[in-house]
Peer 1: 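Following this message is one structure expressed as structure tokens.
Numbering starts at 1 and runs along the sequence shown. In each ligand, atom 1 is the first atom listed, and ligand 1 is the first ligand listed. These figures come from a predicted structure and were not determined experimentally.
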Amino acid sequence: MQTTLKIAVQKSGRLYEGSMKLLKECGIEVSNGNNQLRVQAANFPIEVFFLRDDDIPEYVQDAVADIGFVGENVVKESRKDVDTIEKAGFGKCRLSLAVPKNGTMKTAADLNGKKIATSYPNILNAYLKEKNISASIHEISGSVEIAPRIGLADAICDLVSSGSTLFTNELKEIETILSSEAVLISNKNLSADKKIILESLLFRIRSVKKAKNNKYVLLNAPNDKVKTICELLPGMKSPTILPLAESGWSSIHSVIAESDFWNVIQQLKANGAQGILIIPIEKMII
Ligand code: PRT
Ligand code: ZN
């Protein structure tokens, strides 16, 4: 029988879409039409298990699933014995301390002697210990942001992404304890067969991520500016230069990092580049 790798994905919630989209971008077809608990991919040796996110670290530790997509925040809080092998590039958020907007507390040190509500007691406890802050932790499982208003706690420690929940509840962020995103975790004792499938999946995930972080750039430049412009475009190896039908002009093709994008574009224009096209890359294999 052919080996399959069992991958845990959040059944519904904030990580479901991102996980399924990443598998699709990796060319893996998974249909979850009937809201099933487990589905075999059509064209890759993996079987997807749909689970609650909080259960994923334990299931991966216990080899119910071999690997899984889950928030780093959940992995750290659960303290399960699993390997974190790759950042997945979605589900970004931060675990932060927040206090009433109009109160007197301004820094984490002001939390000494106070009560903090959170769903992340383990991470918060480790942070308070490290910073030598003596505060009590009140563990609640949901709607943490209303705790100060109803007198349940003085401050909160909760996940933040846009900040609008804090804003609506008249809270302000005073410290980030953890920056988080979805990660791929793995059981520590995968068989050799499963490791091979995992390597192949990782190769695809990395190619997709690399492509997202880079753009393909095409531009025209007068020949006397080609050298200067090429120096601005680091490229994968070196840029491709092709002569244009119009004499004295060339077309330059290269790849630039998303993060350099606007800086480089300004400099290219300033150096005589024209007709600049920036094109998304679907997969990038180096
Ligand atoms: O049912 P199940 O147990 O599987 O799901 P869940 O309800 O426990 O989790 P879910 O779907 O809410 O979140 C899954 C994961 O998404 C989290 O563990 C994080 O890794 C990640 N994530 C990313 C977030 C957020 N962003 C986020 N903003 N998880 C929760 N939030 C909540 C936060 O708790 C707060 O209530 O959104 C609110 C704040 O959002 P902003 O945009 O107003 O700042
Ligand atoms: Zn959950």
Peer 1: Before signing off on this row, confirm whether Ser161 and ligand 1 have an N or O atom pair separated by under 3.5 Å.
Peer 2: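 Among all N and O atoms of Ser161, at least one is under 3.5 Å from an N or O of ligand 1.
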
Peer 1: As an exercise, identify every atom of ligand 1 less than 4.0 angstrom from a heavy atom of Val160.
Peer 2: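 Result: 44 (O).
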
Peer 1: Is the closest side-chain donor-acceptor distance between Thr165 and Glu145 under 3.5 Å?
Peer 2: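 Absent: no donor and acceptor within the cut-off.
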
Peer 1: Counting heavy atoms only, which of Ile56, Ile156, Asp53 comes nearest to atom 2 (P) of ligand 1?
Peer 2: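 Looking at heavy atoms only, the winner is Asp53.
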
Peer 1: Going by an N to O cut-off under 4.0 Å, is there a salt bridge joining Glu199 and Lys195?
Peer 2: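 Lys195 and Glu199: not salt-bridged.
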
Peer 1: Answer with side chain, backbone, both or neither: which part of Val144 has a heavy atom less than 4.0 angstrom from an atom of ligand 1?
Peer 2: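 Answer for Val144: neither.
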
Peer 1: Check whether any side-chain heavy atom of Met20 lies under 4.5 Å from a side-chain heavy atom of Val9, and answer yes or no.
Peer 2: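 They are in contact (side-chain heavy atoms under 4.5 Å apart), so the answer is yes.
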
Peer 1: For Cys26, is there any backbone N or O sitting under 3.5 Å from a side-chain donor or acceptor partner on Arg204?
Peer 2: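 Pair found, side chain donor or acceptor close to backbone of Cys26.
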
Peer 1: Any nitrogen or oxygen of Tyr120, main chain or side chain, under 3.5 Å from a nitrogen or oxygen of ligand 1?
Peer 2: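 In fact, backbone or side chain, Tyr120 has no N or O that close.
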
Peer 1: In Asp53, what N, O or S atom is nearest to the Zn ion (ligand 2), if we give its atom name?
Peer 2: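 Nearest N/O/S atom of Asp53: OD1.
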
Peer 1: Have a look at Arg52, Glu181, Glu145, Lys11 and point out the one with the heavy atom closest to atom 36 (O) of ligand 1.
Peer 2: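 Minimum heavy-atom distance to atom 36 (O) of ligand 1 goes to Glu145.
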
Peer 1: Hey, is Ser162 touching ligand 1 through its side chain, its backbone, both or neither, going by heavy atoms under 4.0 Å?
Peer 2: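 The answer is both, backbone and side chain.
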
Peer 1: Under 4.0 Å from ligand 1, counting heavy atoms only, is it the side chain of Asn73, its backbone, both or neither?
Peer 2: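 For Asn73, only side-chain atoms sit under 4.0 Å from ligand 1.
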
Peer 1: So which bit of Val70 gets within less than 4.0 Å of ligand 1, heavy atoms only: side chain, backbone, both or neither?
Peer 2: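 Neither; nothing of Val70 gets under 4.0 Å from ligand 1.
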
Peer 1: As a test of reading the structure, name the N/O/S atom of Asp54 that is nearest the Zn ion (ligand 2).
Peer 2: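 Looking only at N, O and S atoms of Asp54, the one nearest the Zn ion (ligand 2) is named OD1.
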
Peer 1: Considering only heavy atoms from C-beta outward, does the side chain of Lys131 approach that of Leu128 to under 4.5 Å?
Peer 2: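 Not touching, per the 4.5 Å side-chain cut-off.
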
Peer 1: State whether the side chain of Glu181 and the backbone N or O of Gly89 hold a donor-acceptor pair below 3.5 Å, judged by distance alone.
Peer 2: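 Confirmed, Glu181 side chain pairs with Gly89 backbone.
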
Peer 1: Are any of the side-chain nitrogens in Glu86 or Lys209 under 4.0 Å away from the carboxylate oxygens of its partner?
Peer 2: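 The answer is yes: the pair qualifies as a salt bridge.
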
Peer 1: Could you label the plane-to-plane angle of the His253 and Tyr216 rings as parallel, tilted or perpendicular, counting under 30° as parallel and over 60° as perpendicular?
Peer 2: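 His253 vs Tyr216 ring planes: perpendicular.
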
Peer 1: Before signing off on this row, confirm whether Leu15 and ligand 1 have an N or O atom pair separated by under 3.5 Å.
Peer 2: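 Between Leu15 and ligand 1 (N or O atoms, distance only) the closest approach is not under 3.5 Å.
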
Peer 1: Is the contact between Gln10 and ligand 1 made by the side chain, the backbone, both, or neither, using heavy atoms and a 4.0 Å cut-off?
Peer 2: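 Looking at Gln10 and ligand 1, just side chain atoms fall under 4.0 Å.
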
Peer 1: Do any N or O atoms from the side chain of Asn43 and from the backbone of Ile28 form a donor-acceptor pair under 3.5 angstrom?
Peer 2: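 No: the side chain of Asn43 does not pair with the backbone of Ile28.
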
